[in-house]
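First up is the structure itself, then whatever we jot down about it.
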Amino acid sequence: QVQLVESGGGSVQAGGSLRLSCVAFGYSESISCWGWFRQAPGKEREAVARINGVGRTTYADSVTGRFTVSKDNAQTTLYLQMNSLKPEDTAMYYCAADYRWVGCSRSGPLETDFNYWGQGTQVTVSS
């Protein structure tokens, strides 16, 4: 079991940066796949980035080159560095994790691939 707690959201102007953090409490050493998702008002939750247990990363096309996902070696904290933010990045951001590899092995992660979720942190980007 693991509990996830996000922080770092806020309001920024377009072009600005934010760094989200997700602290894992519990048995996080064996987490195989970590993900960041976001959900804008009136839209479905979408995958933003993922990182597996050995550090391999993938990104949604919309954030490639602007966002960077990383984690510490102890697998206690997940990060999402967001640069060159755009108004369309405005959303609630969630971190997710699972002991299974499925979320990091298919071409695109699904919400159902992750059993553990944080409460979310709001990111608002103004033009």
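Remember, it's a predicted structure, so these values are computed and weren't measured experimentally. Numbering of residues begins at 1 and proceeds along the displayed sequence. Reckoned from all heavy atoms, side chains included, excluding hydrogens, waters and symmetry mates.
- Placement of Phe114 and Ile31 in two distinct hydrophobic clusters is found when ILVMFWY residues are connected by side-chain heavy-atom separations under 4.5 Å, directly or transitively.
- Thr77 places no side-chain N or O within donor-acceptor distance of the main-chain N or O of Cys22, the cut-off being under 3.5 Å.
- Asn83 contributes atom CG, which lies 6.5 Å from atom OG1 of Thr68 (distance to the nearest 0.5 angstrom).
- The two residues Ala14 and Ser127 make their nearest non-hydrogen contact at CB-CA, 4.3 Å.
- Contact detail for Ala47 and Ala60: the closest heavy-atom pair is O-CB, 3.5 Å.
- The minimum heavy-atom distance linking Trp34 with Cys104 is given by the pair N-SG, 4.2 Å.
- Glu6 places a side-chain N or O within 3.5 Å of a backbone atom of Cys95 that can act as its donor or acceptor partner.
- Using bins of under 30°, 30° to 60° and over 60° for the plane-to-plane angle, the ring pair Phe67/Tyr93 lands in the tilted bin.
- Closest approach of Lys71 to Gly53, counting heavy atoms only: NZ-O, 3.3 Å.
- A continuous path of Ile, Leu, Val, Met, Phe, Trp and Tyr side chains, each step under 4.5 Å between heavy atoms, connects Tyr116 with Leu20, placing both in one hydrophobic cluster.
- Using a distance-only test at 3.5 Å, with no hydrogens or angles considered, a donor-acceptor pair links the side chain of Arg50 to the main chain of Gly103.
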| Between Val12 and Met82, is a side chain to side chain contact (heavy atoms under 4.5 Å, CB included) present by the stated rule, with each step listed? | CA-CA 11 Å; Val12 296; Met82 304 185 296; over 6 Å; no

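- Put simply, the side chain of Ser21 never gets that close to the backbone of Ser7: no donor and acceptor are under 3.5 Å apart.
- Arg19 contributes no side-chain N or O that, together with a main-chain N or O of Tyr79, makes up a donor-acceptor pair within less than 3.5 Å.
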| Can you check side chain to side chain contact (heavy atoms under 4.5 Å, CB included) on Gln122 and Thr90, steps first, answer last? | CA-CA 8 Å; Gln122 178 67 38; Thr90 295; 4.1 Å; yes

| message | The test is side chain to side chain contact (heavy atoms under 4.5 Å, CB included); show your working for Asp113 and Arg106 and say whether it passes. | response | CA-CA 10 Å; Asp113 292 338; Arg106 64 170 89 246; 2.7 Å; yes

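- Side-chain contact between Arg66 and Asp89 is present, with heavy atoms from C-beta onward closer than 4.5 Å.
- Linking ILVMFWY residues whenever their side-chain heavy atoms come closer than 4.5 Å, directly or via other members, leaves Phe25 and Val2 in distinct clusters.
- Glu44 contributes atom CD, which lies 14.0 Å from atom CZ of Arg38 (distance to the nearest 0.5 angstrom).
- More than 12 non-hydrogen atoms from other residues, nucleotides or ligands lie less than 6.0 angstrom from CD of Glu88.
- Tyr94 contributes no side-chain N or O that, together with a main-chain N or O of Gly35, makes up a donor-acceptor pair within less than 3.5 Å.
- In terms of hydrophobic clustering, with Ile, Leu, Val, Met, Phe, Trp and Tyr side chains grouped at heavy-atom distances under 4.5 Å, Trp36 and Tyr59 are assigned to a common cluster.
- A distance-only check finds a donor-acceptor pair linking the side chain of Gln75 to the backbone of Ser28 [under 3.5 Å].
- One N or O on the side chain of Asp98 and one on the backbone of Asn115 form a donor-acceptor pair closer than 3.5 Å.
- Rounded to the nearest 0.5 Å, atoms CZ (Phe37) and CH2 (Trp117) are 4.0 Å apart.
- Leu78 places none of its side-chain heavy atoms less than 4.5 Å from the side chain of Leu4.
- Rounding to the nearest 0.5 Å places CG of Asn73 at 12.5 Å from CD of Glu29.
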